[in-house]
Amino acid sequence: MRPTGKQPASKSAAKAESIKFGSLLVAPTMLVLAVVVAYPMLSAVRQSLYGPEGIDSRTGFVSDTEPFVGLQNYSAVFTEAGGRFWNAFGNTAFLTATSVALETALGIGMALIMHRALRGRALIRASILVPWAIPTAIVALLWRWIFNADGVANAILPGTTLWTTEGFHAKLAVIFAETWKTAPFIGLLVLAGLQLIPKETYEAAKVDGAGPWRRFISITLPLVKPALLVAVLFRILDSLRMFDMPYVLIGARKESVETLSMLAHDEAMNVRFGPGAAYAVLLFLFVFLVAFTFVKVLGADVVGDAAPAPSRRTRRKARAREEVSSS
């Protein structure tokens, strides 16, 4: 018996109704995102096409309006005037790579400690998560006191280092403080992944003779990979926008730790809104490119455990089986 045309029509109608209902549910969120994300971004792009107020190079008179310069603010980063931009770009990339790498290693260790059935585990978890709960500005002030010339760091380490001045030691100070602050965040997400692993998996591995390191490599890391990738992705995106930690800990206009966010802020504070907006747009494009590459290459699932899309051949076989079963 051949199927009638009513069943496919009813399925398509139900699917259309489901899509319509889902769109209505998502509409308020999309409206909020358009107001708080899309509009400021478009305003920044528009502002980046204008130069600062001042003397008009064509007329020689002082202008009280921002002249339209097109893409000049973007092309300036490839000239001699773009040296400060590339220094901030390198600082941003270096601080992000080093701090996230250390945070990942420490976060995994914290998660393994919090996951163990130890006496006083609740107290251990609370103490590990305390740094993450403290506001970043407060953490920066705390570490600034530690890194003072007569602070705890110089009392413990040999010699006297001026940590909050220019130099590579200023980068190290920012990395230490940032790692201490945000490593618990990765540990918390990895802990959530560890709690989903069945205990029977480890018991079976023990029976097969797998040691602790083998179980960690073959069982723990592969099974917590989705949670770990999401945690690392979030931390990378957050670190690329790093501003408050180096700004409060080291200070503004410090060449060794100035990031792209600090550069854009400094340009805006000096009434150079066009270049500042251009730097902000370039930072947004950089963050977007890193996130897109991270998701595509490593397969980070930021919306849930989505199953991979079936191939065309698989869909054809499934459709053929449906037609045979319905006939």
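Counting begins at 1 with the first residue of the sequence. Excluded from the calculations below are hydrogen atoms, water molecules and symmetry mates; all remaining heavy atoms, backbone and side chain alike, are included.
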Dump the intermediate steps for side chain to side chain contact (heavy atoms under 4.5 Å, CB included) on E255 and N87, then the final yes or no.
CA-CA 7 Å; E255 183 179 352; N87 174 72; 3.5 Å; yes
The test is side chain to side chain contact (heavy atoms under 4.5 Å, CB included); show your working for R215 and K206 and say whether it passes.
CA-CA 8 Å; R215 293 197 300 269; K206 289 181 181 180; 3.5 Å; yes
- Item | CA sep, side-chain torsions, deciding dist, call: L189, L228, side chain to side chain contact (heavy atoms under 4.5 Å, CB included) | CA-CA 7 Å; L189 292 187; L228 180 61; over 6 Å; no
One pair to check against side chain to side chain contact (heavy atoms under 4.5 Å, CB included): L112 and V190. What are the steps and the verdict? CA-CA 9 Å; L112 294 175; V190 174; over 6 Å; no
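For M41, the CE atom is densely surrounded, since the number of other residues' heavy atoms within 6.0 Å is greater than 12. Within 6.0 Å of atom CD in Q195, more than 12 heavy atoms from other residues, nucleotides or ligands are found, so the atom counts as buried in its surroundings. Within 6.0 Å of the CZ atom in F288, the count of heavy atoms belonging to other residues, nucleotides or ligands does not exceed 12.
By the rule that hydrophobic residues join a cluster once side-chain heavy atoms approach within less than 4.5 Å of another member, V36 and L237 end up as members of separate clusters. Residues I236 and V295 fall within the same hydrophobic cluster, defined by Ile, Leu, Val, Met, Phe, Trp and Tyr side chains chained together at heavy-atom separations under 4.5 Å. Note on M262: it does not cluster hydrophobically with V287, by side-chain heavy-atom contacts below 4.5 Å among ILVMFWY residues. Residues V26 and V32 fall within the same hydrophobic cluster, defined by Ile, Leu, Val, Met, Phe, Trp and Tyr side chains chained together at heavy-atom separations under 4.5 Å. Under a hydrophobic-cluster definition in which Ile, Leu, Val, Met, Phe, Trp and Tyr are linked whenever side-chain heavy atoms come within less than 4.5 Å, directly or via other members, W213 and L194 are assigned to the same cluster.
Ring geometry, F89 versus F286: the interplanar angle falls from 30° to 60°, so the pair is classed tilted. Using cut-offs of 30° and 60° for the angle between ring planes, the W86 and F78 rings count as tilted.
For the pair T182 and R235, the minimum side-chain heavy-atom distance is below 4.5 Å. In this structure, I134 and W180 have side chains that are in contact, with non-hydrogen atoms separated by less than 4.5 Å. Residues F147 and L142 fail the side-chain proximity criterion, which asks for heavy atoms closer than 4.5 Å. Counting heavy atoms from C-beta on, the side chains of M242 and P246 come closer than 4.5 Å. Looking at L260 and F243, their side chains never come closer than 4.5 Å, going by heavy atoms from C-beta outward. You'll find the side chain of N91 stays beyond 4.5 Å of the side chain of V257, heavy atoms only. You'll find the side chain of P131 stays beyond 4.5 Å of the side chain of V139, heavy atoms only. Proximity of L229 to K225: side-chain heavy atoms (C-beta onward) are separated by under 4.5 Å at one or more points.
Proximity of a side-chain donor or acceptor of D244 to a complementary backbone N or O of A137 within less than 3.5 Å is not detected. A donor-acceptor pair under 3.5 Å is absent between the side-chain atoms of K171 and the main chain of F94, judged by distance alone. The backbone N or O of A252 sits nowhere less than 3.5 Å from a side-chain atom of E258 that would complete a donor-acceptor pair. R272 contributes no side-chain N or O that, together with a main-chain N or O of E267, makes up a donor-acceptor pair within less than 3.5 Å. Side chain of T179 to backbone of F176: no donor-acceptor contact under 3.5 angstrom is found. Looking only at distances, a side-chain donor or acceptor of E166 sits under 3.5 Å from a matching main-chain atom of S256. Under a 3.5 Å cut-off, the side chain of K254 and the backbone N or O of I250 do form a donor-acceptor pair. Panel note: side chain H169, backbone L162; a donor-acceptor pair is recorded below 3.5 Å. The backbone N or O of V290 lies less than 3.5 Å from no partner atom in the side chain of T293, so there is not a single donor-acceptor pair.
Residues S239 and V100 come closest through the heavy atom pair OG-CG2, 3.7 Å. Summarising the geometry of V45 relative to S48, their closest heavy-atom pair is O-OG, 2.6 Å, with the distance given to 0.1 Å. Nearest heavy-atom pair, P135 versus K181, reported as atom, atom and distance to 0.1 Å: C-CE, 4.1 Å. Taking all atoms of both residues into account, the shortest heavy-atom contact from M114 to L188 is CE-N, 4.4 Å. Taking both residues in full, the closest heavy atoms of I219 and A205 are given as CD1-CB, 3.5 Å, listed atom of the first, atom of the second, then distance. Across all their heavy atoms, L49 and Y74 have their closest contact at CD2-CE1, 4.4 Å.
Atom CD1 of I113 sits about 12.5 Å away from atom CD1 of I108, to the nearest 0.5 Å. For the atom pair CD1 (I175) and OG1 (T98), the distance works out to 3.0 Å, reported to the nearest 0.5 Å. A distance of 12.0 Å separates CE in M245 from OG1 in T259, rounded to the nearest 0.5 Å. Here the NZ atom belonging to K199 is positioned 12.0 Å from the OG1 atom belonging to T201, to the nearest 0.5 angstrom. In this structure, the separation between OG1 on T164 and CD1 on I146 is 13.0 Å, given to the nearest 0.5 Å. Within the model, atoms CZ of F85 and OG1 of T92 stand 8.5 Å from one another, a figure rounded to the nearest 0.5 Å.
W163 and N148 share no side-chain donor-acceptor pair at under 3.5 Å. Side chains of Y202 and T220: a donor-acceptor N/O pair is present below 3.5 angstrom, by distance only.
A side-chain contact (heavy atoms from CB on, under 4.5 Å) with P275 is found for exactly one of N73, N270, D266, namely N73.
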